[in-house]
Amino acid sequence: MVTFDDFAFEIGYNKQILDNYITFADTFYNTFYIAKKAKKKKRIIDSPSKELKAVQRWLLKNYFNEIPVSNSANGFIIGRGIKRNAKFHLKKEYLLTVDIKDFFTSISQKQVFLTLNKTFPDKDLALKLAKVCTFNRRLPQGAPTSPALSNLVFHEVDDKIINFCKTKSITYSRYADDLVFSSDSKPGLVEILPFLHSTLPNHGFKINNSKTKFFSGKGRMAVTGININEGKLTVSKEIKRLLRSQLYNIIIKEDKATNVNQALGYLSFIKDIEPDYHKKILEYIDALKVKRDNY
């Protein structure tokens, strides 16, 4: 059984220094705000200090990433991502997406402790690990350990949702706070919302009703930004048009105001999701370079 002494030895820190981080963890955070896509709304970021972040990153790499998570979870997990998340729902007739409000900060220090105590039977160690990874007794938006811990805490809820979905022939996946459900039966899918409204609050979570969306095969069906209408994964036409425009501005106009990093991000995204179209984009880039050089 791993104890606090074992943890201190493994990480190579003096126990007194670690105890200081644990006891006064809240004082090692810097809070700032970043703008959300929605107008006049800001996201609160509680970022740990360099020293505390180093401890958290060690925990993430050596402890938390080694703990199993639900097969339906796809966010912040090595080897998984939005592509795997979308694949769950290919060739389905109906789609329902649900967003959890304030996902990280809805998770309490007590929930983190109870979850870690299943893996670390030493209650003193489990409590100290929970304390060193929480801010104001909540999971902070900004700590490197928060994504992994959110998956571990939500594992129990994932299991309940999976068991309910099995009785209704519904497919379920989750990417962070985005819950996705698909089915070939509309009535079965409609039953999900009452179940979630009765289940999530028991675990401290609330649905962001304004982001709940229902799709049918008659219109665009997208999972975490990836289209699934054609029975295969494709990138939206909007992103493709935007990328072509950005590339034209960068190569032909040499417009320094164009976000190069964003364009590179779109290129990487397309290469992963739609490799055939990525080849066309590379050909488009070559054509633009020829056009530029012939000016």
Side-chain angles (χ1 to χ4, degrees), residues 2-8 11 13 15-34 36 41-67 69-70 73 75-76 99-160 174 176-179 196 199-208:
V2 181
T3 65
F4 180 66
D5 287 350
D6 297 327
F7 164 51
I11 194 174
Y13 276 64
K15 285 200 299 181
Q16 187 174 353
I17 293 175
L18 282 177
D19 267 323
N20 187 54
Y21 286 141
I22 293 163
T23 304
F24 304 103
D26 287 355
T27 66
F28 289 94
Y29 279 85
N30 175 43
T31 298
F32 58 93
Y33 303 85
I34 59 175
K36 286 186 176 182
K41 288 190 176 182
K42 294 182 179 180
R43 187 186 303 278
I44 300 175
I45 303 296
D46 298 306
S47 179
S49 68
K50 181 181 179 180
E51 295 78 12
L52 180 58
K53 190 176 290 185
V55 174
Q56 293 173 343
R57 282 177 172 161
W58 188 94
L59 286 170
L60 179 65
K61 179 182 179 181
N62 296 278
Y63 284 177
F64 302 156
N65 279 344
E66 300 301 315
I67 304 174
V69 297
S70 170
F76 318 115
D99 179 85
I100 296 178
K101 186 177 182 180
D102 302 324
F103 186 48
F104 284 177
T105 54
S106 293
I107 298 174
S108 67
Q109 186 180 96
K110 181 179 179 180
Q111 286 175 293
V112 175
F113 160 68
L114 292 174
T115 298
L116 292 178
N117 199 202
K118 296 174 184 177
T119 301
F120 304 96
D122 186 299
K123 289 187 176 181
D124 176 62
L125 174 62
L127 181 58
K128 286 180 176 179
L129 294 184
K131 285 182 175 180
V132 82
C133 294
T134 52
F135 174 66
N136 288 337
R137 299 196 174 190
R138 294 283 165 183
L139 211 56
Q141 180 85 29
T145 44
S146 290
L149 287 172
S150 70
N151 280 329
L152 296 177
V153 170
F154 206 79
H155 198 325
E156 182 181 353
V157 186
D158 281 328
D159 287 344
K160 289 183 177 181
R174 179 176 61 83
D177 56 357
D178 292 321
L179 281 57
L196 293 177
T199 302
L200 291 179
N202 294 332
H203 297 270
F205 299 102
K206 294 181 180 179
I207 292 176
N208 188 342

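Along the sequence shown, residues are numbered consecutively beginning with 1.
Judged as a side-chain hydrogen bond (donor to acceptor under 3.5 Å, both in side chains), and not counting sequence neighbours, the contacts of T31 are D46. Evaluation of the ring pair (Phe, Tyr, Trp, His ring centres under 6.0 Å) rule for F28 yields Y21 as partners, not counting sequence neighbours. Listed by chain and residue number, F154, F205 satisfy the ring pair (Phe, Tyr, Trp, His ring centres under 6.0 Å) test with F103 (two or more places apart in sequence, or in another chain).
Distance alone, capped at 3.5 Å, places no donor-acceptor pair between the S150 side chain and the A176 backbone. Of the possible donor and acceptor atoms, none in the side chain of D19 sits under 3.5 Å from a partner among the backbone N and O of Q16. In this structure, S146 contributes its side chain and P140 its backbone to a donor-acceptor pair below 3.5 Å. Here the side chain of Q56 pairs a donor or acceptor atom with the backbone of V132 at under 3.5 angstrom.
More than 12 heavy atoms of other residues, nucleotides or ligands sit less than 6.0 Å from atom NZ of K53. Counted within 6.0 Å of CG on L114, heavy atoms from surrounding residues, nucleotides or ligands total more than 12; the atom is thus considered enclosed.
A distance of 7.0 Å separates CG of L179 from CG of L200, quoted to the nearest 0.5 Å. In this structure, the separation between CG on D158 and CG on N151 is 7.5 Å, given to the nearest 0.5 Å. Atoms CG and CD1, on L18 and I11 in that order, are 6.0 Å from each other to the nearest 0.5 Å.
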Apply side-chain contact (heavy atoms from CB on, under 4.5 Å) to I22 and F4, showing your working. CA-CA 12 Å; I22 293 163; F4 180 66; 3.7 Å; yes
Begin with the C-alpha distance, continue with both residues' side-chain angles, and end with the deciding distance and a verdict on salt bridge (Lys or Arg N to Asp or Glu O under 4.0 Å) for K206 and D102. CA-CA 8 Å; K206 294 181 180 179; D102 302 324; over 6 Å; no
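Classified by interplanar angle (parallel below 30°, tilted 30° to 60°, perpendicular above 60°), the ring pair F64/F120 is perpendicular. Taking the six-membered ring for Trp and thresholds of 30 and 60 degrees, W58 and Y63 have ring planes more than 60 degrees apart, a perpendicular arrangement.
Taking both residues in full, the closest heavy atoms of K131 and A25 are given as O-CB, 3.7 Å, listed atom of the first, atom of the second, then distance. Of all the heavy atoms in N65 and A148, the pair that sits closest is OD1-CB, 4.3 Å.
A salt bridge between D26 and R137 is absent, with no side-chain N of the basic residue lying under 4.0 Å from a carboxylate O of the acidic one.
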